[in-house]
Amino acid sequence: MADMPRIENLKREENVFELKPWQSIHNTITKPMVTGLGPAEIPESALAMGFALITAPDILGSPTHVHPFDQWIYLIGSDAFSEFDADVEFTMGEEILKINYPCYIFIPKGVKHCPLNIKRVGKPFIFVDVSITQEASVRPETTASTNRPTYQALNND
């Protein structure tokens, strides 16, 4: 993961961090992203969250993989949360979910999932990735907590 940018939010107060925007590794995500680094910033925290504004079709999270913690993916409208104008397919287990409405997806630990195939974007929407575990981090190993789990890529068959 050496090609990923290093994220460094700015600590302003005890337990308060100013989010520092960063550029996604995905060329189609042109707007800056923000990420709460969870345990990497606040050792007592177990929450890690990343936010991106999706403006164009893309494929995220490929290849299909599993990890040893629960995860939540939120897809919500960027102007009014309930307005969602996009077509998305999300692989979870053996199913491909077809989504054209605002939602969140709960992915239990150990369940194979992804890719998130964003097929059409009529209006930009917000993508949020959430994990709650001391070992989870949405950033490269250089900023992650100790004992960060590695993704186990699976065959997409």
Check this for me: does any side-chain nitrogen of one of Lys123 and Asp85 sit under 4.0 Å from a carboxylate oxygen of the other? no
Hey, can you tell me if Phe69 and His67 have their rings parallel, tilted or perpendicular (30° and 60° cut-offs)? parallel
With no hydrogens and no angle check, is any side-chain donor or acceptor of Asn9 less than 3.5 Å from a backbone partner on Thr35? yes
Against Ile73, only a single residue in Val128, Val130, Ile107 fulfils side chain to side chain contact (heavy atoms under 4.5 Å, CB included); can you say which? Ile107
Any His113 side-chain heavy atom under 4.5 Å of His65 side chain: yes
What's the separation between atom CG in Leu47 and atom CD in Glu41, rounded to the nearest 0.5 Å? 11.0 Å
Going by heavy atoms in the side chains, are Ile105 and Ile99 under 4.5 Å from each other? yes
The reported gap from CD in Gln23 to NZ in Lys31 (rounded to nearest 0.5 angstrom) is 10.5 Å
Would you give the length of the straight line joining atom CZ of Phe125 to atom OH of Tyr74, rounded to the nearest 0.5 angstrom? 15.5 Å
Check the hydrophobic clustering (I, L, V, M, F, W, Y; side-chain heavy atoms under 4.5 Å; chains of links allowed) and say if Val111 and Ile96 are grouped together. no
Before we go on, tell me: are the rings of Tyr101 and Phe84 under 6.0 Å apart, centre to centre? no
Test side chain to side chain contact (heavy atoms under 4.5 Å, CB included), reference Glu89, set Asn117, Leu116, Ile118, output is Asn117
Using the side chain to side chain contact (heavy atoms under 4.5 Å, CB included) rule, pick out the option among Leu75, Leu53, Ile76 that qualifies with Phe127. Leu75
Rounding to 0.5 Å, atoms CG (Asp70) and NZ (Lys109) come to a distance of 6.5 Å
Which atom names give the shortest non-hydrogen contact between Val34 and Pro21, and what distance separates them? CG1-CA, 4.1 Å
If we only count heavy atoms from C-beta on, is the Pro115 to Leu60 side-chain gap below 4.5 Å? no
Contact check, side chains of Phe90 and Cys114, non-hydrogen atoms, under 4.5 Å: yes
From CG (Asp129) to CH2 (Trp72), nearest 0.5 Å: 11.0 Å
